[in-house]
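This report refers to the structure that appears directly beneath it.
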Amino acid sequence: MRVIVWLVEGTWPACVDAVRAHAPDDAEVVLLHVSGPDVPAVAHGAFAGLLGRGHREADPGDRLEALGGTSAVSLLAAAAERLGRPCAREERSGRVEREVVAAAEGAGLLVLARDGDRSRLGPRSLGPAVRFAVDHAPCPVLLVWPEPAPDLGTIPPPPPHHP
C-alpha cells in the first residue's frame, strides 16, 4: 500500500502521527509538500511593475522561491525524523489542491489535516484546498484534526425546516 502524507506548515505533525498509528508497517510512505506559486509570482510581478524588466538579478521573487524550497526541505526532514521509518520525500509546485490529488493517483491512502476553522465541528473546518482534495482524491482519505477535536456541542444547529 502506498500512503501519501500531505504536509502543511503547522499541521504536519498530526498527519505524521496518524500514519504512525494507522498505516501498515509495510506501507510505502510518501511525505508530500506542495509549494503554491502565489507569493513568488506576486513578488515577481510587483518587481517588474515597479522597476521594469531590466534588473532581473535583483528580483525578490527569486529569493522567495529559494526560501520556500529551503523551508520545504526542512519540513520534509523534520517529518521524516518524526515518522521514524523509511519514507520517500516529494516536493511539488503548482496549484496546491490539484497537485495533492495528482500525487494521490494510485495510492492506497491520502492523509491530510483540516485547514479551516478548527474551533468547532462542521463543514467550515475544511478550507478550500482540503475540501477539494477530499472531494476529488482518487483513493481513501484519512482526515485528521491537528489538535484534539472540539466537543460535540460545537456542531452548528440544523438549518430551519422548509416546508
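Source: prediction; values computed, not measured. As a basis for the values below, the full set of heavy atoms in this structure was taken, side chains included, without hydrogen atoms, waters or symmetry mates.
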Worksheet item: Does the pair Thr11 and Asp115 meet the rule for a side chain to side chain contact (heavy atoms under 4.5 Å, CB included), with working shown?
Response: CA-CA 8 Å; Thr11 61; Asp115 66 342; over 6 Å; no
Practice prompt. For Val100 and Phe132, run side chain to side chain contact (heavy atoms under 4.5 Å, CB included): C-alpha distance rounded to whole Å, both residues' side-chain angles, the deciding distance at 0.1 Å, then the answer.
Written response: CA-CA 9 Å; Val100 170; Phe132 185 93; over 6 Å; no
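With respect to Arg82 and Asp17, a salt bridge is recorded, a charged nitrogen being found less than 4.0 Å from a carboxylate O. Salt-bridge formation is not detected for the pair Arg89/Glu91: no Lys NZ or Arg NE/NH1/NH2 atom is positioned less than 4.0 Å from an Asp or Glu carboxylate oxygen.
Trp12 and Trp145 sit in two unconnected hydrophobic clusters of ILVMFWY residues. Membership requires side-chain heavy atoms under 4.5 Å apart, directly or through other members. Under the 4.5 Å side-chain contact rule for hydrophobic residues, Met1 and Leu143 do not share a cluster.
For the pair Leu32 and Leu76, the minimum side-chain heavy-atom distance is 4.5 Å or more. Inter-residue side-chain proximity for Val134 and Leu112 is flagged as met; some heavy-atom pair is nearer than 4.5 Å.
Environment of CD in Glu105: sparse, with no more than 12 heavy atoms of neighbouring residues, nucleotides or ligands closer than 6.0 Å.
Between the side chains of Arg118 and Ser125, no donor N or O sits under 3.5 Å from an acceptor N or O.
For the atom pair CD of Glu9 and OG of Ser74, the computed distance is 9.5 Å after rounding to the nearest 0.5 Å. We find the CG-CD1 distance between Leu110 and Ile4 to be 7.5 Å, quoted to the nearest 0.5 Å.
In this view, Arg120 and Asp117 satisfy the side chain to side chain donor-acceptor pair (under 3.5 Å) rule, not counting sequence neighbours.
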